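These notes concern the structure reproduced below.
Just so you know, these numbers come straight off a predicted model, no measurement behind them. Residue numbers count from 1 along this sequence. The figures that follow rest on heavy atoms only: side chains count, while hydrogens, waters and symmetry mates do not.
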Amino acid sequence: MSNFAAVANPAVVKRFAVIGHPVAHSLSPRIHAAFGKQTGIALQYTAIDAEPAQFDARLAEFAAEGGIGANVTLPHKARAAALCTVLTERARRAGAVNTLIRTATGWEGDNTDGVGLVRDLTERHGLDLRERRTLLLGAGGAARGVAPALLDAGIGDLFIINRTPERADALADSLGQPGRIHPRYFSDVSSIGTFDLIVNATSATRVAGLPQLPVALAGPRTAAVDLSYGEVAIPFLAWARAAGAHDCVDGLGMLVEQAAESFLSWHHVRPETDGVYAEIRAHNDALVTAD
């Protein structure tokens, strides 16, 4: 860390941003500012609100103003992937991008969500994901970002449930392991058994409330994970506790870990995450999900 800081030019402030809608309450600027201070790297990291129709233009404006890297959050992850001239392998597998890196030929797209989730669950929370029968709720950009990494981490069979059956089928097909991956629909939820890992990757609780879930989905070994954090994660985690899940984890740790992976891509140095996570967790009551 000290060697990298020594060669960095403190007069050059690199520009980064998180782009989403809504994005006003995003913790990403705070996290990256903390990483920059920790590593001695001068950077500017802002939040850019862009409705779907505005995304292309706002990203182009950011690049024209000197922006060299960006995080992408709801609802733009699939569109960001389509705009990239190059995709990393994990972004290609996900079909969604949460990290943009400016190159001479345009944007390179990466997806750090999956590695961030797995690192949080295994290293911070000490969970062994191997052979866990897994239920993934949702088939949008968030689900696409984490599904390949969960499979790589050694989970057992993966069941995918989505309100729109076609999207569950499409995600299952894209993952390319038909014997291991099973698309299902919310009408099936009462008849698919108990799971060792349940991941809520839906954005439903932002607008329409949590879908009705039977308590039989969870058992005494179940880890229940919401990719959101703060007030948006409360309904699912409350359900999980009532259903008797052994572990209930929100998405704050994943947010910090995926940010660290993005920071590594941009600056070629990995920041320490535990202190940043602890500082933000200490102010948990004020959190509102935006990432």
Side-chain angles (χ1 to χ4, degrees), residues 20-22 25 73-75 77-78 96 113-114 117 120-121 125 127 129 132-147 150-151 155-175 180-255 284-285 287-291:
H21 181 73
H25 297 288
T73 186
L74 290 172
K77 293 183 180 183
D113 283 336
L117 174 64
D120 180 56
L121 295 181
H125 296 282
L127 298 179
L129 301 181
R132 286 189 184 240
R133 188 171 190 260
T134 299
L135 176 62
L136 180 62
L137 302 174
R144 286 180 169 276
V146 301
L150 289 171
L151 292 167
I155 63 168
D157 281 13
L158 174 64
F159 288 73
I160 302 169
I161 285 186
N162 193 64
R163 289 185 186 275
T164 307
E166 293 79 10
R167 295 187 77 179
D169 292 338
L171 175 53
D173 289 345
S174 73
L175 292 169
R180 188 180 179 193
I181 299 168
H182 315 281
R184 295 292 187 269
Y185 318 120
F186 273 106
S187 58
D188 303 322
V189 75
S190 62
S191 60
I192 55 176
T194 300
F195 292 87
D196 305 309
L197 176 65
I198 303 174
V199 178
N200 181 27
T202 72
S203 58
T205 50
R206 298 169 187 267
V207 292
L210 185 72
Q212 188 170 3
L213 301 173
V215 296
L217 290 174
R221 183 176 181 257
T222 302
V225 181
D226 200 310
L227 301 190
S228 298
Y229 59 87
E231 62 184 19
V232 180
I234 290 173
F236 174 75
L237 295 180
W239 168 83
R241 293 186 184 97
H246 186 273
D247 301 282
C248 297
V249 180
D250 72 5
L252 183 62
M254 170 186 165
L255 174 67
N284 183 61
D285 290 345
L287 295 182
V288 178
T289 294
D291 294 273

Closest non-hydrogen atom pair between Ala243 and Ala218, with its separation = CB-CB, 3.8 Å
How many angstroms lie between atom CG of Leu255 and atom OG of Ser228, to the nearest 0.5 angstrom?
-> 10.5 Å
Test item: Leu127 and Leu197 side chains (from C-beta on) under 4.5 Å apart, heavy atoms | no
Trp239 and Asn200: side chain to side chain contact (heavy atoms under 4.5 Å, CB included), yes or no, with the steps?
-> CA-CA 11 Å; Trp239 168 83; Asn200 181 27; over 6 Å; no
Do you know which of Asn162, Asp169, Thr164 makes side-chain hydrogen bond (donor to acceptor under 3.5 Å, both in side chains) with Tyr185?
-> Asp169
Are Asp247 and Val225 close enough, and set up right, to give a side chain to side chain contact (heavy atoms under 4.5 Å, CB included), and what steps lead you there?
-> CA-CA 8 Å; Asp247 301 282; Val225 181; over 6 Å; no
Pairwise distance CD1(Ile198) to CZ(Arg132) - rounded to 0.5 angstrom | 11.0 Å
After noting the C-alpha distance and the side-chain angles of Leu137 and Phe236, does the key distance pass the side chain to side chain contact (heavy atoms under 4.5 Å, CB included) rule?
-> CA-CA 11 Å; Leu137 302 174; Phe236 174 75; 4.0 Å; yes
Let me see the working for Arg133 and Phe159 under side chain to side chain contact (heavy atoms under 4.5 Å, CB included), right down to the final yes or no.
-> CA-CA 8 Å; Arg133 188 171 190 260; Phe159 288 73; 3.3 Å; yes
Measure from the side-chain N and O atoms of Arg144 to the backbone N and O of Lys77, and report whether any donor-acceptor pair falls under 3.5 Å.
-> no
Closest heavy-atom contact between His21 and Pro75?
-> O-CD, 3.5 Å
So do the side chains of Ile161 and Asp188 get within less than 4.5 Å of each other, counting heavy atoms only?
-> no
Between Leu213 and Phe186, the two heavy atoms sitting closest are CD2-CE2, 4.3 Å
Mind checking whether Val189 and Arg184 have side chains closer than 4.5 Å, heavy atoms only?
-> no
Measuring from His246:NE2 to Thr222:OG1, what's the distance to the nearest 0.5 Å?
-> 10.0 Å
Taking all atoms of both residues into account, what is the closest heavy-atom pair of Leu136 and Ala143, and its distance?
-> CD2-CB, 3.8 Å
From Asp120 atom CG to Leu252 atom CG, the distance as rounded to the nearest 0.5 Å | 8.0 Å
To the nearest 0.5 Å, how far apart are CG in Asp173 and CD in Glu166?
-> 11.5 Å
Identify the heavy atoms of Asp226 and Val232 that sit nearest to each other, and give their distance.
-> OD2-O, 4.5 Å
For the atom pair CG (Leu171) and CG (Leu158), what is the distance rounded to the nearest 0.5 Å?
-> 7.5 Å
Are side-chain heavy atoms of Leu227 and Asp113 found at a separation under 4.5 Å?
-> no
Which atom names give the shortest non-hydrogen contact between Thr194 and Gly219, and what distance separates them?
-> CG2-N, 3.6 Å
His125, NE2 atom: more than 12 neighbouring heavy atoms under 6.0 Å | yes
